[in-house]
Enquirer: 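I have a structure here, written as structure tokens, and I will follow up with some questions on it.
Below, chain A is the first sequence line, B the second, and so on; all start at residue 1.
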Amino acid sequence: MTPAKLAATVLSAARAVFETRGLDVSALPETTTMERPRNPEHGDYASTLALQLGKKAGVAPRELAAALAEELSRQPGIKSVEIAGPGFLNIRLDAAAAGVLARDIVQAGEAYGHTEELAGERINLEFVSANPTGPVHIGGVRWAAVGDALSRLLRAAGATVGTEYYFNDAGSQIDRFAKSLLAGAKGEPAPEDGYGGAYIAEIAAAVVAAAPDVLKLGEAEQLETFRRVGVDLMFAEIKQSLTEFGVHFDTYFNEKDLHESGALDQALERLREQGHIFEADGATWLRTTEFGDDKDRVLRKSDGDWTYFAADCAYYLNKRRRGFDRIVIMLGADHHGYIGRMKAMAACFGDDPKVNLEILIGQLVNLVRDGQPVRMSKRAGTVVTLEDIVEAIGVDATRYALARFSSDSPIDIDIEEWTRATKDNKVYYVQYCAARTAGVARQAAELGVVRGDPASFHPELLSHEKENDLLKALGEFPDVVVRSAELREPHHVARYLEDLAGAYHRFYDNCRVTPQGDEKVTDTHRARLWLNDATRQVIVNGLGLLGVSAPERM
RNA sequence: GCGCUCGUAGCUCAGCGGAUAGAGCAACGGACUUCUAAUCCGUCGGUCGCAGGUUCGAAUCCUGCCGGGCGCGCCA
């Protein structure tokens, strides 16, 4: 009996009650959720359905609860139903009905937690998209960890997902980057507004190595060479460090391609057809105020150049034309001012900005040293990069540490502190659980405890309080995945895994899977092995969603 | 000034409109001859920023205020 099945049972019981009493069946919701009460006196699962429906149906919640309880207690697998407080239904399951879950999970394997909830949704998820003017720093690392986890979650929830890195290779930042490289190659100091840092000298040297005659060219050609080769090298480095971080993008999209393919003109035409373009002061504008933006936005400047926003418009249209119906973009809080114009832009294209475009704003990562904030600056070279942090604490610890926080809360990273406190990282609590389940399984195999035929599994033997708690935690996993995917909040998965690991550790402390001394192997041992293996499966699946490994030994 | 966001234990943070608000760290005290002690158990610790409102029920939703962060270019 999974929570989902129980919820369905509660709903059908409610339907039966409504029908026999002649109540309005349309008041019933399509789905209902089961709560896992903190207080064990409140049963294994609780439903608040009677409370929610009381008013709609015009029946006192407690009266409705009583009728529901009577109906429910006749259902197989349900041991008891109690009414509490204003109309809570506190439900207890038969140990056997609860225990079957262990076998279900083992049999489902990697599929446990995968649902079809978001089936049919075609989601484009853009994240990181750092300019190739320097290595990925800790700000970008957060989105790499969270965005990659989110893409895995969305897929697990049944969506079709395309991940995307927008690779800005056309703007003035790039020009500054090229000038900085040129200066570096000549041994000159970085220009005003340019980039400093040791990596500039390295890339500059690499450009010279790739194009030995570059410094003999005319100045324009020099710049062009440093721009082209430098961006390629820088981007290759970014891609490499992301790959080592376990993050892969389905599409690396060049801004330059938008310009060269005429996509900007097409987007402008499309917007003009929709009637949202006007000319003023020699520039071409999009009337975004029509859809709630603070001010109208320039697409083409009076000097004839496109704005960055114009490229955003073309890029959005490009994604939509590639068949994505949900464009999701993860941005740092320093870009939240873009939401208004982006939403308005989607509306100008004739889309529904609430449906087709989602902008996820994440709070920034602050670099801290000795308790004092340090301003990161590529120019000053005070940048902590993806590689720095991975080198300091490792891929798993980095990904986990970043993914377990809500994106709404800013994170302070003191790299020395993080390195020193590595052992405190929660990832090890969860990974240790994974290693323990594997260790128990090894020990079981050695002592002749085998799960055996699924038909010979005795779920009713999983009756210990800690076994029951563990089963309830295991049952939550699919809901956690769906909810995290729908809310775009991967951190719930991490928090859930910590909760699950705790339940397993307590089970481990109280219930032996393998016999000791001269004990014979019993059905209880075998039943517990199912539970052990089910736990391992869920930890493996859950860590997989976060891109974190589940070791067999630690 | 306008907009977004956050404010929960000493610190870092969870918390789906549900019952007595949780975890880790820190402090203190226990549990390894037995499946891995990177674990477990216990103690200590709270006006959920403040004030109203909606609700059977609010840390959660709404309004106002206070405080922190961020943003408000024909920059990218």
Side-chain angles (χ1 to χ4, degrees), chain A residues 33 35 37-39 41-42 46-48 51-52 54-55 60-62 84-88 90 131 133 168 170-176 255 280-285 294-295 297-309 311-312 332-340 361-364 366 404-412 421 423-433 435-444 446-447 449 479-480 483 486-487 491-492 494-496 498-499 501-502 504-517 519 525 528-529 532 553-554:
Chain A
T33 54
E35 297 185 18
R38 195 180 307 282
N39 186 337
E41 289 174 17
H42 296 152
S47 170
T48 57
L51 288 167
Q52 291 158 24
K55 195 162 202 172
R62 272 196 76 101
F88 290 101
N90 293 335
N131 280 353
T133 54
N168 178 335
S172 62
Q173 305 267 23
I174 297 292
D175 292 338
R176 288 204 273 271
E255 181 185 358
D281 305 327
T284 303
W285 298 68
D294 302 342
K295 55 190 79 168
R297 305 292 170 177
V298 170
L299 292 178
R300 197 200 287 265
K301 296 184 266 183
S302 49
D303 65 6
D305 282 352
W306 294 102
T307 61
Y308 188 85
F309 180 60
D312 281 341
D334 52 339
H335 286 80
H336 76 251
Y338 288 38
I339 296 176
I361 295 299
Q363 297 300 309
L364 301 178
N366 303 305
R404 77 184 287 272
F405 290 108
S406 159
S407 293
D408 287 338
S409 72
I411 300 179
D412 290 336
K423 292 288 181 212
D424 294 333
N425 195 310
K426 276 287 189 178
V427 74
Y428 299 113
Y429 185 74
V430 178
Q431 287 188 316
Y432 183 58
C433 177
R436 252 190 173 171
T437 57
V440 168
R442 281 193 298 271
Q443 186 71 13
E446 201 168 305
L447 296 179
V449 182
D479 275 348
V480 170
R483 192 160 59 88
E486 287 177 341
L487 294 173
H491 74 277
H492 294 296
R495 302 296 174 149
Y496 163 78
E498 291 164 22
D499 189 50
Y504 178 79
H505 288 313
R506 287 186 285 277
F507 156 75
Y508 175 93
D509 257 40
N510 286 276
C511 304
R512 297 222 24 125
V513 175
T514 57
Q516 322 181 58
E519 277 181 14
H525 295 126
R528 286 175 175 169
L529 184 58
N532 178 78
R553 295 172 204 272
M554 281 174 80

Enquirer: Taking the side chain from A:Asp303 and the backbone from A:Asp305, do they hold a donor-acceptor pair closer than 3.5 Å?
Expert: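 Between the backbone of A:Asp305 and the side chain of A:Asp303 there is a qualifying donor-acceptor contact (under 3.5 Å).
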
Enquirer: Where do N or O atoms of nucleotides 37-41 of chain B meet protein N or O atoms at under 3.5 Å, pair by pair?
Expert:
from  : atom 1 : to       : atom 2 : distance (Å)
B:A37 : OP2    : A:Arg436 : NH2    : 2.4
B:A37 : OP2    : A:Tyr508 : OH     : 3.1
B:U39 : O2'    : A:Arg436 : NH1    : 2.9
B:C40 : OP1    : A:Tyr429 : OH     : 2.3
B:C40 : O4'    : A:Asp509 : OD2    : 3.4
B:C40 : O2'    : A:Asp509 : OD2    : 3.0

Enquirer: Where do A:Arg528 and A:Phe507 land on the side-chain contact (heavy atoms from CB on, under 4.5 Å) test, with the steps shown first?
Expert: CA-CA 10 Å; A:Arg528 286 175 175 169; A:Phe507 156 75; 4.2 Å; yes

Enquirer: Given pairs defined as Watson-Crick or G-U wobble with both distances under 3.5 Å, what dot-bracket annotation applies to RNA chain B, with ( ) intrastrand, [ ] crossing, | other strand and . unpaired?
Expert: (((((((..((((....[...)))).(((((.......))))).....(((((..]....))))))))))))....

Enquirer: Toward the 5' end of RNA chain B, which comes first, A:Gln52 or A:Ile174, by nearest nucleotide?
Expert: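 Of the two residues, A:Gln52 wins.
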
Enquirer: Report yes or no: does A:Asn90 contribute a side-chain atom to a donor-acceptor pair with the main-chain N or O of A:Ala46 at less than 3.5 Å?
Expert: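 No: the side chain of A:Asn90 does not pair with the backbone of A:Ala46.
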
Enquirer: Any donor-acceptor pair under 3.5 Å linking the side chain of A:Arg495 with the backbone of A:Arg404?
Expert: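 Between the backbone of A:Arg404 and the side chain of A:Arg495 there is a qualifying donor-acceptor contact (under 3.5 Å).
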
Enquirer: Examine distances only and state if a side-chain atom of A:His505 and a backbone atom of A:Gly502 form a donor-acceptor pair shorter than 3.5 Å.
Expert: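 No: the side chain of A:His505 does not pair with the backbone of A:Gly502.
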
Enquirer: Output the single nucleotide from B:C56, B:C13, B:G15 whose closest atom is nearest the side chain of A:Leu51.
Expert: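 That would be B:C56.
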
Enquirer: Heavy atoms under 4.0 Å, any strand shown: does A:Ser409 hit a base, just sugar-phosphate, or nothing?
Expert: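 Since only primed, P, OP1 and OP2 atoms lie under 4.0 Å of A:Ser409, the category is sugar-phosphate.
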
Enquirer: Going by ring centres under 5.5 Å and near-parallel planes (under 30°), is A:Phe88 stacked on B:G18?
Expert: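 Here A:Phe88 fails the 5.5 Å or the 30° condition.
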
Enquirer: What is the nucleic acid contact for A:Ala421, judged by heavy atoms within less than 4.0 Å: base, sugar-phosphate only, or nothing?
Expert: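 No contact.
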
Enquirer: Of the listed nucleotides (B:C6, B:A19, B:C56), which one gets closest to any side-chain atom of A:Ala84?
Expert: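 Ranking B:C6, B:A19, B:C56 by closest atom to the A:Ala84 side chain puts B:A19 first.
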
Enquirer: Atom CD in A:Glu255, atom CG in A:Asn131: separation rounded to 0.5 Å?
Expert: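 Result: 8.5 Å between the selected atoms.
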
Enquirer: Can you give one letter per nucleotide of nucleotides 70-75 of chain B, 5' to 3': B if a protein heavy atom sits under 4.0 Å from the base, S if only from the sugar-phosphate, - if neither?
Expert: BSSSBB

Enquirer: Contact class for A:Pro410 vs. all strands (heavy atom < 4.0 Å): base, sugar-phosphate, or nothing?
Expert: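 Result for A:Pro410 = sugar-phosphate.
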
Enquirer: Between A:Arg176 and A:Ile174, is there a side-chain heavy-atom distance shorter than 4.5 Å?
Expert: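 They are not in contact (no side-chain heavy atoms under 4.5 Å apart), so the answer is no.
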
Enquirer: Counting just side-chain N and O atoms, does A:Ser406 come under 4.0 Å of either OP1 or OP2 of B:C6?
Expert: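 For A:Ser406, the contact criterion (side-chain N or O under 4.0 Å from OP1 or OP2 of B:C6) is not met.
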
Enquirer: Report, one pair per line, the protein and nucleotides 20-26 of chain B atoms (nitrogen or oxygen only) whose separation is under 3.5 Å.
Expert:
from  : atom 1 : to      : atom 2 : distance (Å)
B:U20 : O4     : A:Asn39 : ND2    : 3.1

Enquirer: Suppose we screen for side chain to side chain contact (heavy atoms under 4.5 Å, CB included). Which residues come up paired with A:Pro515, at least two apart in sequence or across chains?
Expert: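 Side chain to side chain contact (heavy atoms under 4.5 Å, CB included) check on A:Pro515 returns A:Leu447, A:Val449, A:Glu519, A:Val521, A:His525.
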
Enquirer: Could I get the full list of side chain to side chain contact (heavy atoms under 4.5 Å, CB included) partners for A:Gln52, not counting sequence neighbours?
Expert: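 Testing A:Gln52 for side chain to side chain contact (heavy atoms under 4.5 Å, CB included), a comparison that skips the adjacent residues, returns A:Thr48, A:Leu49.
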
Enquirer: Taking A:Trp306 for the side chain and A:Ala311 for the main chain, is one N or O donor matched with an acceptor at less than 3.5 Å?
Expert: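 Absent.
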
Enquirer: Could you pick out which residue, A:Val440 or A:Glu35, lies toward the 5' side of RNA chain B when each is mapped onto its nearest nucleotide?
Expert: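 Comparing both residues, the 5'-ward one is A:Glu35.
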
Enquirer: Could you state the CD1-C1' distance from A:Ile411 to B:C13, rounded to the nearest angstrom?
Expert: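 After rounding, the gap between these two atoms is 10 Å.
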
Enquirer: Check the chi torsion on B:C41 and let me know: syn if it falls within 90° of 0, anti if not.
Expert: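 Base orientation: anti.
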
